[in-house]
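Below you'll find the structure, written out as structure tokens, and then a few comments.
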Amino acid sequence: MMKINLSGEQDNKKNSQTTVAQSPGEAAPLSQPPPVEEEKPEIIVKERKKVPTPLLIVLLIVLVAAGGYLKRDFIMSLIPKKSPVVEPVAPPPPPPPKKEVVEKEPDPTFVVLNRIAEAVPPRLWLTSAVIKSDGTYQIKGFSFSYQPMTDMVSALEGKGTVAAKNIPAMSKSSETVYQFGIDGNIAGIKTPEILDNVPTDDLVAAANTVKGSEKEFGVKFSRLPKSGQTYTDKDVPFTLEGSYEGLKKVISVLCPEGGKTRVFNLMITPSAPGGSFDRVKASFSLKQVSAI
């Protein structure tokens, strides 16, 4: 009997086949067909293109540089910085204290005149004032009512002493013009005990220093000292007319603060009768502090 391997499996032994002995008179066995191999699907694998190595290096450098730029602040914060050397700077000196500007009177006679002006009440006008360097004064004026004259006396008594007063009696008429005179002394005037006459040549030299400044001072001289003249205590060799402030400027030049020259006698009246003392006519004399 002939055995046929219908499974088509092969023996485990390599390149071996099962041989069946034939009996005499039996037909030769059919040859076994070769095993049919299963067709496997062809797998096509596409080969990737290789990127050149230099290009990779360039891309890597670009990426690293871009990352470093974006993180530059963070990276810089990791780098220790050297503290700058700061040299100590001396503080600026404090500003100098502001000097209090005090308006100083050019001469004691103006101190007296200003004290009198402070005592003048409303509705009263001064027509003349004679003031001396020791603080004594003689003033004259007028008023249209009685009360301002008594107020004036009270105000002057508060600033010194009233030695004499010439005040008319009260009138019942409302049209009465009162004319009065008051003599006295302003307290607190400091003057040298001894004053000497100024030599004529020195008076002329002093006059020349202010003669050319009439326009600047706003005054006009009508009398100035002359060479060859002798001046006594009763004489007033300087006479000018102009603004009250201009008069003060002239005196400040002739009698500078700290100097030895003083106004000895000052007679002053308003330029216009019954007007204010903004514009005045003034006559004055000078003396100098004794060298003894």
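Values in this document were obtained by computation on a predicted structure and should not be read as measured data.
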Find out whether [X] and [Y] are in side-chain contact, i.e. whether some heavy atom of one side chain is under 4.5 Å from a heavy atom of the other.
X	Y	value
Phe284	Leu247	yes
Tyr231	Thr200	yes
Lys211	Leu224	yes
Thr261	Leu254	no
Asn166	Phe180	no
Leu203	Phe238	yes

Please report the interatomic distance [atom1]([X]) to [atom2]([Y]), rounded to the nearest 0.5 Å.
X	Y	atom1	atom2	value
Tyr146	Met170	OH	CE	5.5 Å
Ser222	Leu240	OG	CG	7.5 Å
Ser243	Arg279	OG	CZ	6.0 Å
Ile182	Met149	CD1	CE	9.0 Å
Ser290	Leu195	OG	CG	8.5 Å

Is a donor on one side and an acceptor on the other found under 3.5 Å between the side chain of [X] and the backbone of [Y]?
X	Y	value
Tyr178	Ser171	yes
Glu214	Phe221	yes
Ser143	Ser145	yes
Ser213	Glu216	no
Arg223	Ser283	no

Using the rule that two of Ile, Leu, Val, Met, Phe, Trp, Tyr join whenever any of their side-chain heavy atoms come within less than 4.5 Å, decide whether [X] and [Y] are in one cluster.
X	Y	value
Val111	Ile139	yes
Phe264	Ile251	no
Val130	Met152	no
Met267	Val112	no
Val162	Leu126	yes

Of [options], which meets side-chain contact (heavy atoms from CB on, under 4.5 Å) against [X]?
X	options	answer
Ile131	Asp107, Thr109, Val263	Thr109
Ser285	Pro237, Pro225, Ser133	Pro237
Asp183	Lys140, Lys165, Gln138	Gln138

Could you walk me through whether Leu286 and Cys255 pass side chain to side chain contact (heavy atoms under 4.5 Å, CB included), step by step? CA-CA 9 Å; Leu286 303 178; Cys255 306; 3.8 Å; yes
Assess whether atom CD of Gln229 is packed by more than 12 heavy atoms of other residues, nucleotides or ligands within 6.0 Å. yes
Under-4.0 Å salt bridge between Lys287 and Asp233: yes
Below 4.0 angstrom, N of the basic side chain to O of the carboxylate: do Lys159 and Glu118 qualify? yes
If you look at every heavy atom in [X] and [Y], which pair is closest and at what distance?
X	Y	answer
Arg115	Ile186	CG-CG2, 4.0 Å
Ser128	Thr269	CB-CG2, 3.6 Å
Phe110	Lys248	CE2-CG, 3.4 Å
Leu124	Pro148	CD1-O, 3.5 Å
Pro108	Lys190	CG-O, 4.3 Å
Asn185	Asp134	OD1-O, 3.6 Å

Ring centre gap for Phe144 and Trp125 strictly below 6.0 Å: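 Centroid separation for Phe144 and Trp125: below 6.0 Å.
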Would a line drawn from the ring center of Phe277 to the ring center of Tyr244 be shorter than 6.0 Å?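 Between Tyr244 and Phe277, which both carry aromatic rings, the centre distance is not below 6.0 Å.
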Worked verdict on Tyr137 versus Leu113 for side chain to side chain contact (heavy atoms under 4.5 Å, CB included): CA-CA 8 Å; Tyr137 63 86; Leu113 187 59; over 6 Å; no
Distance only, no hydrogens: is a donor on one side chain within 3.5 Å (strictly under) of an acceptor on the other, for Ser154 and Glu157?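 Checked: Ser154/Glu157 side chains show no N/O donor-acceptor pair below 3.5 Å.
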